[in-house]
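Worksheet: one structure, shown below.
Heavy-atom basis, side chains included; hydrogens, waters and symmetry copies ignored.
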Amino acid sequence: TLTDLTSAIFEGAEFQQLVNQIQRVALERTKTEPNLSYEGRRAVYADVTSAAFREHFAEVVLVKRDRLRLSEPQKALLVEDLIDNSMGLGEFNKIMKLAAGRTSNIQVLGTKGLVVEDFNGERIRHDSVFRSLASMVEWVRRLARTFGAGEPFDPAQPSVDLYLPGVRFNASYEENYGCVVSLRFTNFELNSLDTLVGLGSLSTDEANFLRASVMARLNIVISGATNSGKTTLLRAALRETPPLETIVTIEDSRELELQDFVDPGVVVLQMLERRPNIDGHGAVTSADLFKNSLRQRPDRTVIGECRGEIV
């Protein structure tokens, strides 16, 4: 098993020390490319991990000599596990194993369990994958370093938003459970107005009205309760955007990912808010981004959430 392989190669805290070393080196390599894709980021981690593992394995062989025999597939399995853990995906993958194909949300309630909800609203509770609150917080911080802008996660900055492939991630400090995490899954199947009509979410007349409104470039406000399908409806409507038009999206955290939904000929420019640093400087607001976006001559501007001064 993977556990047996790990214990054969690593002793005590060696595994975690190597994971930390890999992440430090990989972060140094990727710090100048904050918008690097998941695939590109994983390729960097794979390169760093392979080199680090070869060095560690050579040292172990010198000590254990003939007592250590690993096949190439076994080595590859260990390298993949190191990549996942250094990127913060080790526990994430354990959580994802609980997600069926129709999962819409997973809520991690500290060490006290997690709740999996499907797209029909049915919920199932499972045991937590975390043994301690400290290990959960460290997991969130590792993900934030890998997929975020390196923002801290502590009582002074008690929340973090990230976008992992197909999943919106939010972690927050909380009084009852200590730390809670929400994973919201993107349903790539609900990608057009016709699909929503087929599911009964829209009538044909409503879909045609939205289609005509998009083509006429009318101002559209989509509002509703949490998890009511606002983002799904917005993506489906914007799929009607003609090729060669430019859409600017302004968000406080990555969510829309319109490039995965609209015509490939549509130009999608993503602009994200930025929180102030620890000294209170460097903040970039939606209002700042909106003013700047006008210089890009967008055909359409999409505001992820309208609140505060952007209104």
* Electrostatic pair Glu28:Arg145 at N-O distance under 4.0 angstrom -> no

* Asked: Under a 4.5 Å cut-off applied to non-hydrogen side-chain atoms, are Met87 and Leu143 in contact?
  -> no

* Pair Arg142-Asn20, side-chain donor/acceptor within less than 3.5 Å -> yes

* Could you check if a side-chain atom of Ile22 sits within less than 4.5 angstrom of a side-chain atom of Phe53, using non-hydrogen atoms only? => no

* Under 3.5 Å side-chain donor-acceptor pair for Asn191 and Arg239 -> yes

* Classify the ring geometry between Phe169 and Trp139 as parallel (under 30°), tilted (30 to 60°) or perpendicular (over 60°). => perpendicular

* Asked: For residues Thr146 and Gln23, is any side-chain donor paired with an opposing acceptor at under 3.5 Å?
  -> yes

* Heavy-atom side-chain contact between Arg300 and Thr241 under 4.5 Å -> yes

* Are Val181 and Phe185 connected in the hydrophobic side-chain network, where two residues link if heavy atoms are under 4.5 Å apart? -> yes

* Side-chain contact, heavy-atom cut-off 4.5 Å: Asp47 with Arg29? -> yes

* Asked: Linking I/L/V/M/F/W/Y whenever any side-chain heavy atoms sit under 4.5 Å apart, do Ile220 and Leu196 land together?
  -> yes

* Is a side-chain donor-acceptor pair under 3.5 Å present for Thr103 with Glu117? -> no

